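Heads up, the thing below is written out as structure tokens.
None of the values given here were measured: they were computed from a predicted structure. Throughout, residue positions are numbered sequentially from 1 according to the sequence presented.
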Amino acid sequence: DGEYDAVVPIRYTAMKRALRNVVENAVRYGTEARIHLADGGGNVLVQVDDIGPGIPAGERDRVFEPFVRLEGSRSRDTGGSGLGLAIAKAVVESHHGEITIGSSPQGGARVTVFIPL
């Protein structure tokens with residue numbers, strides 16, 4: 001939509017890991033990740049959309065708990081350890097931010113991260 005320039009005080013390595021976890025989940029469970037970065041009214045807003053099956057509304061808070069995986073497989077090869085979103089939440093909240101999951105306009109999941117400036 002245009003240029004957006006902001007200086008955000010973050011722990012780079014931790015935030016990189018958090019956002020990588022979100023994007024990798026989008027690709028693993030939703031085939032692709034579409035990333036949008038914008039001014040969120042005094043916050044940096046990062047939205048990661050996928051085109052997968054989405055996450056049921058009743059499960060959206062639970063996926064941020066450690067070791068929670070929604071799919072039925074117990075193999076790390078297909079489902080990971082269930083720590084990615086828990087780590088992302090811990091990192092985002094340590095920056096006084098917020099991370100949420102909703103529905104993407106493409107029909108999959110949308111993970112939204114707000115980081116205060």
Side-chain angles (χ1 to χ4, degrees):
D1 295 339
E3 288 191 30
Y4 177 64
D5 204 11
V7 176
V8 184
I10 59 169
R11 291 184 327 278
Y12 173 78
T13 302
M15 188 60 70
K16 178 180 168 183
R17 181 175 184 187
L19 293 175
R20 183 180 61 227
N21 287 350
V22 170
V23 171
E24 285 176 353
N25 271 6
V27 171
R28 179 180 291 137
Y29 300 110
T31 309
E32 67 181 45
R34 295 181 183 181
I35 304 164
H36 178 77
L37 177 67
D39 177 354
N43 299 295
V44 171
L45 170 68
V46 180
Q47 291 176 322
V48 180
D49 291 325
D50 67 48
I51 58 170
I55 298 173
E59 300 288 328
R60 291 178 183 162
D61 288 335
R62 198 168 81 84
V63 298
F64 291 112
E65 296 173 13
F67 306 110
V68 169
R69 294 179 18 232
L70 296 183
E71 47 80 41
S73 168
R74 295 212 175 260
S75 166
R76 288 197 54 168
D77 294 334
T78 60
S81 64
L83 289 174
L85 291 179
I87 291 168
K89 180 178 174 129
V91 169
V92 169
E93 289 180 348
S94 76
H95 287 84
H96 307 289
E98 182 181 357
I99 184 170
T100 60
I101 297 180
S103 296
S104 167
Q106 289 80 28
R110 169 177 280 175
V111 175
T112 301
V113 176
F114 291 96
I115 302 295
L117 295 176

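Distance check: Asp50 CG to Ile55 CD1 gives 7.5 Å after rounding to the nearest 0.5 Å. Interatomic distance, CG of Leu117 versus CG of Asp39, reported as 7.0 Å (0.5 Å rounding). We find the CE-CZ distance between Met15 and Arg20 to be 13.0 Å, quoted to the nearest 0.5 Å. With rounding to the nearest 0.5 Å, the separation of CG in Leu19 from CD1 in Ile35 is 8.5 Å. Separation of atoms NE2 (His36) and CG (Leu45) is listed at 6.0 Å; rounding is to 0.5 Å.
Val111 and Ile51 fall into different hydrophobic clusters, defined by Ile, Leu, Val, Met, Phe, Trp and Tyr side-chain heavy atoms under 4.5 Å apart, directly or through other members. Taking hydrophobic clusters as Ile, Leu, Val, Met, Phe, Trp and Tyr residues chained together by side-chain heavy-atom distances below 4.5 Å, Phe64 shares a cluster with Phe67.
In terms of heavy-atom proximity, Val23 sits nearest to Ala33 at CG1-CB, 3.9 Å. Of all heavy-atom pairs spanning Val63 and Leu85, the tightest one is O-CB, 3.5 Å. Between His95 and Pro9 the shortest heavy-atom distance is CD2-O, 3.9 Å. Taking all atoms of both residues into account, the shortest heavy-atom contact from Ser94 to Arg11 is OG-NH2, 3.0 Å. Nearest approach of Ile101 to Ala109, heavy atoms of both residues: CG2-CB, 4.5 Å. In this structure, Gly84 and Asn21 approach most closely via the heavy-atom pair O-ND2, 3.1 Å.
Side chains of Arg17 and Val91 form no contact here, defined as non-hydrogen atoms less than 4.5 Å apart. Counting heavy atoms from C-beta on, the side chains of Ser104 and Gln47 never come closer than 4.5 Å.
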Intermediate values then yes/no, side-chain contact (heavy atoms from CB on, under 4.5 Å), Val92 and Ile115 | CA-CA 7 Å; Val92 169; Ile115 302 295; 3.9 Å; yes

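In this structure, the side chain of Asp49 does not engage the main chain of Arg34 through any donor-acceptor pair within 3.5 Å. Not one N or O on the side chain of Arg60 forms a donor-acceptor pair closer than 3.5 Å with the backbone of Thr100.
With sequence neighbours left out, the side chain to side chain donor-acceptor pair (under 3.5 Å) criterion links Glu65 to no other residue.
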